[in-house]
Amino acid sequence: MKKKVLLMGASGSGKTSMRSMIFSNNPASLTSRLGATNDVEQNHVRFLGDLILNLWDCGGQDAFMDSYLSTQRSIIFSHVGVMIYVFDVESREMEKDLEYYRDCLHGLSQFSKDANVFLLVHKIDLVRDTERNTVVQRKAGELEKASGETPVKVFGTSIYDESLYKAWSNIVNTLIPNARNLSKHLRIFAEACSATEVILFERTTFLVIATSSRADSSDAFPSGPVVYHALDPKRYERTSELIKAFKQSCSRLREEFRSLEMELAEFTAVLDEMTKNTYVLVVAHDPVIETAAIKMNICMARKKFEELQGDSLILEK
């Protein structure tokens, strides 16, 4: 099963850099070596086994954009599952960027009416920390207005922090068949483990597929005295970023990453393979729960999650 993903935006906006970090596991420090994209670069990225992302990285030079919107229009905008349009936060040609963007929306409305649209205000690391949220909110307002009646989701992103993983986790989640069913069973698994939090990651990219937090539902856990721990709202993306960096360190040492166990005073955590295409992170604050018990629960849940993943992909075929 293939899902077509358009990656568009002005030349130099950072499209290829983010693609290389997410799907090629390149660190941010090496992205400066990447050259500009000429015309369209197609990559078939295997995601969750049988789900293949047909990623079209479209060069943003004016000549290419004009071609996409005229002679190549039907080719570019047909059968699109998601369009990701990247805007440089410091662009000096915003009016031209918006004009091309609106033309791309029109192309989608002609050939892929049901496509999801994500807008990334990129390179926010160039904005002062104290002004970052204000700038992103202002840009989001401008972009939503330019989008007219087309529903869009806007994210501020940078290759130097977890914001990129947050945006791309949201993007790929729209492409995963039966994602809600995965989340439902993840909550059941979390309850069985008495876990504070459970996160399901895609194996290669370590993008977040589904989560279950004790704060999500008061009905999902036994009643009685419960201590709720303050959880960082950026924890999922930061975890993705940290684990991926750790995997890269293992690769440089010619070691293979398999699993991770932590027993600290505040919590216990286990990161282990859930299926052949996913990893699961289980976090428990109850000091009675041991890593061996968590690993046993993961082992017992593997068959069910393999079936869920397989069923969800079959539904789309």
Side-chain angles (χ1 to χ4, degrees), residues 1-5 22-23 44-55 81-82 114 116 165 168-222 235-237 239-240 243-244 247 256-261 268-284 286 289-317:
M1 176 182 53
K2 291 184 180 180
K3 296 281 189 176
K4 182 176 177 180
V5 179
I22 296 294
F23 295 107
H44 291 81
V45 180
R46 187 170 291 278
F47 194 87
L48 285 180
D50 293 333
L51 175 60
I52 297 175
L53 303 184
N54 186 9
L55 188 61
V82 167
D114 296 328
N116 291 300
Y165 291 92
W168 277 89
S169 290
N170 276 270
I171 291 166
V172 299
N173 193 261
T174 65
L175 299 170
I176 298 171
N178 218 13
R180 289 186 179 181
N181 200 30
L182 278 173
S183 296
K184 173 186 172 183
H185 283 83
L186 199 67
R187 285 194 294 271
I188 296 170
F189 171 72
E191 183 178 354
C193 295
S194 298
T196 307
E197 188 131 50
V198 178
I199 311 170
L200 192 66
F201 299 96
E202 197 275 333
R203 186 186 187 100
T204 305
T205 62
F206 261 88
L207 294 175
V208 177
I209 296 171
T211 65
S212 176
S213 173
R214 181 169 295 196
D216 290 343
S217 173
S218 58
D219 297 327
F221 291 85
R235 61 195 181 278
Y236 302 139
E237 299 78 39
T239 303
S240 291
I243 294 173
K244 204 161 186 181
K247 282 185 66 182
E256 184 179 354
F257 174 82
R258 293 184 180 274
S259 63
L260 182 66
E261 299 176 24
T268 299
V270 173
L271 176 69
D272 203 354
E273 182 181 287
M274 176 61 92
T275 71
K276 62 182 180 181
N277 300 308
T278 62
Y279 267 86
V280 67
L281 175 65
V282 180
V283 180
D286 188 339
I289 299 173
E290 298 184 0
T291 56
I294 295 175
K295 294 190 74 171
M296 182 179 294
N297 279 318
I298 294 173
C299 184
M300 293 174 67
R302 280 184 180 133
K303 182 178 179 181
K304 180 61 178 178
F305 276 85
E306 286 282 9
E307 291 173 357
L308 287 169
Q309 185 179 302
D311 290 347
S312 66
L313 292 175
I314 289 171
L315 288 173
E316 290 287 313
K317 291 185 179 179

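Just so you know, residue 1 is the first one in the sequence shown, and it goes up from there.
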Trainee: To the nearest 0.5 Å, what is the distance between CD (E307) and CZ (R302)?
Mentor: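 With rounding to 0.5 Å, CD (E307) is 14.5 Å from CZ (R302).
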Trainee: Give me the atom names and distance for the closest heavy-atom approach of L175 to L51.
Mentor: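 The answer is O-CD2, 3.8 Å.
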Trainee: In terms of the angle between their ring planes, are F206 and F201 parallel, tilted or perpendicular, with boundaries placed at 30° and 60°?
Mentor: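 Tilted.
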Trainee: Ignoring hydrogens, what is the shortest heavy-atom contact between S169 and V172? Give both atom names and the distance.
Mentor: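 For S169 versus V172, the nearest heavy atoms are O-CG2, 3.5 Å.
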Trainee: Answer yes or no: is there a side-chain heavy-atom contact under 4.5 Å between Y236 and T211?
Mentor: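 Y236 reaches T211 side chain to side chain.
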Trainee: Find the distance between NZ (K295) and CG (L271) and round it off to the nearest 0.5 Å.
Mentor: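 Between atom NZ of K295 and atom CG of L271 there are 10.5 Å.
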Trainee: With a 4.5 Å cut-off on side-chain heavy atoms, are K244 and Y165 touching?
Mentor: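 Y165 vs K244: side chains touch.
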Trainee: Which heavy atom of S212 sits nearest a heavy atom of A190, and at what distance?
Mentor: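 Smallest heavy-atom distance, with atoms named: OG-CB, 3.7 Å.
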Trainee: To the nearest 0.5 angstrom, please state how far the OG1 atom of T275 sits from the CD atom of E202.
Mentor: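 If we round to the nearest 0.5 Å, T275:OG1 and E202:CD are 9.0 Å apart.
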Trainee: Report the C-alpha distance between T268 and I289 in whole Å, list the side-chain angles of each, state the deciding distance to 0.1 Å, and finish with yes or no for side-chain contact (heavy atoms from CB on, under 4.5 Å).
Mentor: CA-CA 8 Å; T268 299; I289 299 173; 5.8 Å; no
Trainee: As an exercise, state the distance from CG of L281 to CD1 of I298, rounded to the nearest 0.5 Å.
Mentor: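 Between L281 CG and I298 CD1, I get 8.5 Å after rounding to 0.5 Å.
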Trainee: Starting from the C-alpha separation in whole Å, work towards a yes-or-no answer on side-chain contact (heavy atoms from CB on, under 4.5 Å) for R203 and E273.
Mentor: CA-CA 8 Å; R203 186 186 187 100; E273 182 181 287; 2.6 Å; yes
Trainee: For the OG atom of S240 and the CZ atom of R235, what is their distance to the nearest 0.5 Å?
Mentor: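 Rounded to the nearest 0.5 Å, the OG-CZ separation comes to 12.0 Å.
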Trainee: Would you name the heavy atoms of D272 and R258 that are closest together and state the gap between them?
Mentor: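 Nearest pair, atom of D272 first, then R258: OD1-O, 4.2 Å.
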Trainee: Does CD in E261 sit with more than 12 non-hydrogen atoms of other residues, nucleotides or ligands closer than 6.0 Å?
Mentor: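 More than 12 within 6.0 Å, yes.
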Trainee: Does some side-chain heavy atom of F305 sit less than 4.5 Å from a side-chain heavy atom of V280?
Mentor: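 No - every pair of side-chain heavy atoms lies 4.5 Å or more apart.
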Trainee: V282 and F189: which non-hydrogen atoms are nearest, and at how many Å?
Mentor: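 Closest pair (atom of V282, atom of F189, distance): CG2-CE2, 3.8 Å.
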Trainee: Over all heavy atoms of both residues, which pair between A192 and N297 is shortest? Give the atoms and the distance, please.
Mentor: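 In this case the closest contact between A192 and N297 is O-ND2, 4.0 Å.
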Trainee: Nearest 0.5 Å, what's the CD1-CG distance between I22 and L53?
Mentor: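 Spacing of CD1 (I22) from CG (L53) equals 11.5 Å.
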Trainee: Please answer whether the main-chain N or O of K3 pairs with a side-chain N or O of N54 as donor and acceptor at a distance below 3.5 Å.
Mentor: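 Checked: no pair found.
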Trainee: Hey, can you tell me if F257 and Y279 have their rings parallel, tilted or perpendicular (30° and 60° cut-offs)?
Mentor: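 Correct class here is tilted.
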